[in-house]
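All remarks here apply to the structure that follows.
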Amino acid sequence: MTPHCHPSLSIRLFRLVVGLIALAVVFSPLPASAQAPERLVLAFYYNWFDENSWAPGKVPDVPAEPYASRDRGVMGRHIDQAKGAGIDAFVVSWYGPRVENNQTETNLRGLLDEAAARGFRVAVDVEVGGPFFGGPGDVQAALATLLATHAQHPAYLRSDGKPVIFFWRQQRFNLGTWGAIRNAVDPGRGSLWIEEGVDVSPLSVFDGHHLYSVTWNPPTDMARTAQKFAQRTRAMAAKLGVPKVYVATVMPGYDDTRLPRGNAFAVSREDGAYYARSWQAAINAAPDWVIITSFNEFPEGTYIEPSQAYGAKYLELTAQWSAAFRGSAPPPPMPVVQPKPAAPKAAAAPPPAKPAPKPTPIPTPTRPPVTPEPVYDAPGAPGRY
């Protein structure tokens, strides 16, 4: 005789199998498309230098190998250096698709090809105040061209399948204008737009936030700055009910005193200690991405490219901190800044004769202090010399 199972037993076995399948689904790894977004390390990159860029007095330091940005061999060298330092992509300043007198377009084309050959990526930073953008129509046309051309290049930076576009000085237009531009060129929100500045309200139109500079005069607490803008970005995302990308900025120091600016200033690199504090502040804010200001902005003294003054020191530090950000290595030890030894005291001189009292002079007016948070054209923003 063929044995038969009791109906209630069959039901219990069926429920057990269904329960085991459900548990397997819950605890199985998520597909790649549902995984957490890639933790990118980016660096601002400038491709408008030529043989005259490195003249004495123009920059605080010069590259280890002075160059012209149009040289494809230089592009390849920079990409190899960046990859070795754990950088995933360059974010390149762009004045739009015009070819005449516009190295930001012609050199971008070569850079994309060199990046594709080396497994590297490139995105653009749309300089809304650039010389070829007369108004919103020019910016809209440029973005339409960008999305139809460069953004389709195999080396163009994508996140979750969407091309990434950074913006600088988007404050030039109001949010209504940006909403109209976005709806015209990207109605389906098929790209990621990252805005810049101390105001996060543009996140109603844009997809992420970053600061170009976190080094200001007078100096501020970088840890507090990173935490503050992380919180503001996440609060705006919660208010809108849409995820937003928080991009934390790191810098090795600053020195634009060779530029013709009335508010020029310098912030010491402290032999790498300043860069280390900047990275630690960024990592502690748990950003989605980190961006370095910059790979090669020599006139403002924010470069990490090998130079005559520092050699490859800042590329080596970048490799260590990039690994720490991704969780593949512990943070390197924070450098200790040694105080300079005091100069030996000279023998005490006899006290001079007491001079006759003079009337107190009227105080000389001083320049008002700079706001510790930058507006779009504050010190530390790219000055476009």
Side-chain angles (χ1 to χ4, degrees), residues 32-45 88-98 104-105 108-109 111-113 115-116 120-130 132-133 136-197 200-212 233 236-237 240-249 287-291:
S33 61
Q35 299 280 357
E38 181 182 4
R39 306 192 82 188
L40 295 171
V41 176
L42 313 172
F44 284 111
Y45 182 83
D88 298 296
F90 284 149
V91 178
V92 186
S93 281
W94 189 62
Y95 288 164
R98 170 176 164 166
T104 72
E105 167 65 14
L108 173 62
R109 297 176 183 185
L111 189 68
L112 282 164
D113 289 343
F120 193 65
R121 290 172 282 178
V122 174
V124 303
D125 187 17
V126 179
E127 298 232 6
V128 180
F132 308 126
F133 294 135
D138 294 332
V139 173
Q140 180 174 313
L143 287 167
T145 300
L146 173 67
L147 289 169
T149 57
H150 298 319
Q152 304 306 314
H153 194 285
Y156 196 90
L157 175 65
R158 289 175 174 264
S159 177
D160 197 23
K162 297 180 178 182
V164 177
I165 307 172
F166 278 72
F167 291 81
W168 184 74
R169 279 196 174 178
Q170 84 281 336
Q171 299 91 341
R172 181 180 176 190
F173 307 139
N174 62 37
L175 291 184
T177 299
W178 279 115
I181 292 173
R182 186 91 193 252
N183 289 336
V185 303
D186 187 24
R189 303 306 191 255
S191 53
L192 286 176
W193 292 21
I194 312 297
E195 53 92 1
E196 193 276 340
V200 299
S201 65
L203 288 172
S204 60
V205 175
F206 294 77
D207 306 298
H209 173 83
H210 81 289
L211 293 171
Y212 179 80
T233 302
M236 194 66 175
L240 296 168
V242 180
K244 300 294 179 180
V245 178
Y246 172 56
V247 187
T249 302
D288 299 292
W289 306 340
V290 167
I291 191 160

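Values reported hereafter were calculated over all heavy atoms of this structure, with side chains retained and with hydrogens, waters and symmetry mates removed. Treat the numbers as computed from the prediction; the structure is a model and nothing was measured. Position 1 is the first residue of the sequence; numbering continues from there.
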All side-chain contact (heavy atoms from CB on, under 4.5 Å) counterparts of P202, not counting sequence neighbours: Q170, L175, E195, D199, F206
Does any N or O in the side chain of K162 come within less than 3.5 Å of the main-chain N or O of R189, such that one atom is a donor and the other an acceptor? yes
For Y246 and D288, the nearest pair of non-hydrogen atoms, with its separation, is N-OD2, 2.8 Å
With F44, which residues qualify under ring-ring contact (aromatic ring centres under 6.0 Å, His included), at least two apart? H210, Y212
Please check: side-chain N/O of R182 versus main-chain N/O of V205, any donor-acceptor pairing under 3.5 Å? yes
Does any N or O in the side chain of D207 come within less than 3.5 Å of the main-chain N or O of I194, such that one atom is a donor and the other an acceptor? no
F166 vs W289 aromatic rings, parallel, tilted or perpendicular, using cut-offs 30° and 60°? tilted
Only one of L111, V91, V122 forms a side-chain contact (heavy atoms from CB on, under 4.5 Å) with Y45, so which one is it? L111
Looking only at heavy atoms, the pair that brings Q140 and A184 closest together is NE2-CB, 3.5 Å
Mind listing the closest non-hydrogen atom pair of S93 and T104 along with its distance? O-CB, 3.5 Å
What pair of heavy atoms forms the shortest contact from G197 to Q171, and how long is it? CA-NE2, 3.8 Å
For the atom pair CG (D88) and CG (L157), what is the distance rounded to the nearest 0.5 Å? 8.0 Å
Should the pair E196-R172 be classified as a salt bridge under the 4.0 Å nitrogen-to-oxygen rule? no
Does some side-chain heavy atom of S191 sit less than 4.5 Å from a side-chain heavy atom of L147? yes
Quick one: pull up CZ in R121 and CG in L40 and give me the separation to the nearest 0.5 Å. 5.5 Å
How long is the gap from CG on L192 to CD1 on I165, to the nearest 0.5 Å? 9.0 Å
Any side-chain heavy-atom pair from P136 and V139 closer than 4.5 angstrom? no
I'd like to know if the side chain of Y156 reaches the main chain of V164, judged simply by a donor and an acceptor atom lying under 3.5 Å from each other, with no hydrogens or angles considered. yes
Where the side chain of K244 meets the backbone of H209, is there a donor-acceptor pair that is under 3.5 Å apart? no
Could you give all pairs that pass the side chain to side chain donor-acceptor pair (under 3.5 Å) test and reach residues 142-151, with sequence neighbours left out? E105-H150
Heavy-atom closest pair, residues W168 and D125: N-OD1, 3.5 Å
Using side-chain heavy atoms (C-beta onward) and a distance below 4.5 Å, is I181 in contact with L143? yes
For a 4.5 angstrom cut-off between non-hydrogen side-chain atoms, does V126 reach W193? no
Applying ring-ring contact (aromatic ring centres under 6.0 Å, His included), run through F167 and W94 and close with a yes or a no. CA-CA 10 Å; F167 291 81; W94 189 62; 9.8 Å; no
Before you tell me yes or no, could you show the steps for V124 and F90 under side-chain contact (heavy atoms from CB on, under 4.5 Å), namely the whole-Å CA-CA distance, both residues' side-chain angles and the distance that decides it to 0.1 Å? CA-CA 8 Å; V124 303; F90 284 149; over 6 Å; no
Closest approach of P163 and A151, non-hydrogen atoms and distance? CB-CB, 3.9 Å
Using modelled atom types only, decide if a donor and an acceptor are shared between the side chain of E127 and the backbone of R169 within a distance under 3.5 Å. no
So does G179 get a backbone contact from the side chain of N183, meaning a donor-acceptor N/O pair under 3.5 Å? yes
V128 backbone acceptor or donor facing Y95 side chain under 3.5 Å: no
